[in-house]
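Notes follow the structure.
Values in this document were obtained by computation on a predicted structure and should not be read as measured data. Every chain is numbered from 1, with letters handed out A, B, ... down the list of sequences.
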Number of protein chains: 2
Amino acid sequence: MLRLSTKGQYGVRAMFEIAKGYPDKPIPIKEISERQDVSVAYLEQILNKLRNRGLIKSIKGPGGGYVLNKKPANISIGSILRELEGPVAITSCLDPEEGCIRVDGCVTYMLWKSLGEKIEGFLDTVSLYDLIEGTLYKNSK
Amino acid sequence: MLRLSTKGQYGVRAMFEIAKGYPDKPIPIKEISERQDVSVAYLEQILNKLRNRGLIKSIKGPGGGYVLNKKPANISIGSILRELEGPVAITSCLDPEEGCIRVDGCVTYMLWKSLGEKIEGFLDTVSLYDLIEGTLYKNSK
DNA sequence: GAATACTCTACTAAAGTTGTCAAGTATTCG
DNA sequence: CGAATACTTGACAACTTTAGTAGAGTATTC
């Protein structure tokens, strides 16, 4: 249960590759594709979204590629996933775009809300820097 | 992102209704259907699964219905969801039935694993009793 | 024996996911 | 200039999952 789509997964892995070139080495999409084993065409969709949301910028022409707009330590996994898949919304009640139909208080509303907050809280504390440094292996984060 | 399927959601809500009759009042499926606004036929599938896994038992004939097999305080939301949707598996790498294809250490493996553990940890601390008593509203659980 | 109530399997429409494809634009370097 | 590199965008389609419906059957009580 609670599977993350491949877009989100690949997005994080792509950002990880781009982060490794920060701040001055643009990473071409082809390189990301080879290293992370994801097709160039699919990556384009993902990186486009991340670029439009301001997480990365692109440099055209030979020697070009993608570069982070902020320090790896300032880009959380949560922010990447939110741009690609929207906010955590365990149920449709909690999706800002849908909302709850049932007027009376739903017994499980608070449950899913708490869970969502727990998840986002965690994802917002982990950054690309942590991924590069392997912080997750070292402490109890 | 990370939406729970309706089967899981309805399952928890159905268990909540059944819990209210514990220990001696069987709740007929029709009553659950009306109170939680889910079709009888769909509920049948869900309750069948929960019965086969031993969380509830059924009593046939007039006056029959479903009854919990354990105290509400001893049935966690996590256990209900696991029976209906399998274990938390943010990515296919972490699904016991699939496993990771990439032999080399995936940079994000630990990330998704930690997240999954956080989620299951939370869901295992909340019980049907908490749902009935509204514990989530009262403390910081 | 009629009413109540659970049991089980098959099936399907809709939605979402996971990509591919093709045509185009921008930039650099020799 | 012009060729190579690299990003940009939108359309589209196969596949899978989800969310449910349908229907025939079994068991129990009063």
- line: A:Glu34 CD to D:dA6 C1', in whole Å, measures 14 Å

field: Among C:dG19, D:dG20, C:dT28, the one nearest A:Tyr42 by side-chain distance
entry: C:dG19

task: Would you mind pulling out the nucleotide paired to D:dG23, Watson-Crick or G-U wobble, both distances under 3.5 Å?
output: C:dC8

task: Enumerate the residues from residues 44-61 of chain B whose closest heavy atom to DNA chain C is under 4.0 Å, giving them by residue number; use none for an empty result.
output: B:Glu44, B:Gln45, B:Asn48, B:Arg51, B:Ser58, B:Ile59, B:Lys60, B:Gly61

A:Tyr66 OH to C:dA26 C1', straight-line distance once rounded to whole Å: 12 Å

- prompt: Expressed in angstrom and rounded to an integer, what is the separation of B:Asp95 atom CG from D:dT17 atom P?
  reply: 11 Å

Given C:dG19, D:dA4, D:dC7, the nucleotide with the shortest approach to the side chain of A:Thr6: C:dG19

task: Verify salt bridge (charged side-chain N to carboxylate O under 4.0 Å, His left out) between B:Arg13 and B:Glu17, making sure each step is shown before the conclusion.
output: CA-CA 7 Å; B:Arg13 274 156 56 189; B:Glu17 290 298 331; over 6 Å; no

- prompt: If you round to the nearest 0.5 Å, how far is CD1 of A:Ile18 from NZ of A:Lys57?
  reply: 12.5 Å

query: If only side-chain N and O atoms of B:Tyr10 are considered, is one of them under 4.0 Å from the OP1 or OP2 phosphate oxygen of D:dT18?
result: no

- request: Would you mind telling me which of B:Leu131, B:Leu68, B:Ile32 makes a side chain to side chain contact (heavy atoms under 4.5 Å, CB included) with B:Met15?
  value: B:Leu68

- prompt: On DNA chain C, nearest-nucleotide positions of B:Gly63 versus A:Glu85: which is more 5'?
  reply: B:Gly63

Whole-Å distance separating the CG atom of B:Asp37 from the P atom of D:dG20: 10 Å

- prompt: To the nearest Å, how far apart are A:Gln36 CD and C:dG19 P?
  reply: 14 Å

message: Let me check something: do B:Met110 and A:Leu4 share a hydrophobic cluster, defined by ILVMFWY side-chain heavy atoms less than 4.5 Å apart, either directly or through other members?
response: yes

field: B:Leu43 CG to C:dA5 P, straight-line distance once rounded to whole Å
entry: 15 Å

- prompt: To the nearest Å, how far apart are B:Ile27 CD1 and C:dT4 C1'?
  reply: 16 Å

B:Met1 CE to A:Glu120 CD distance, which is reported to the nearest 0.5 Å: 5.5 Å

field: Residue pair A:Ile132 / A:Tyr22, side-chain heavy-atom distance below 4.5 Å
entry: no

query: Would you say C:dT18 has OP1 or OP2 under 4.0 Å from some side-chain N or O of A:Ser5?
result: yes

- prompt: At under 4.0 Å between heavy atoms, what does A:Lys7 touch on the DNA or RNA strands: base, sugar-phosphate, or nothing?
  reply: base

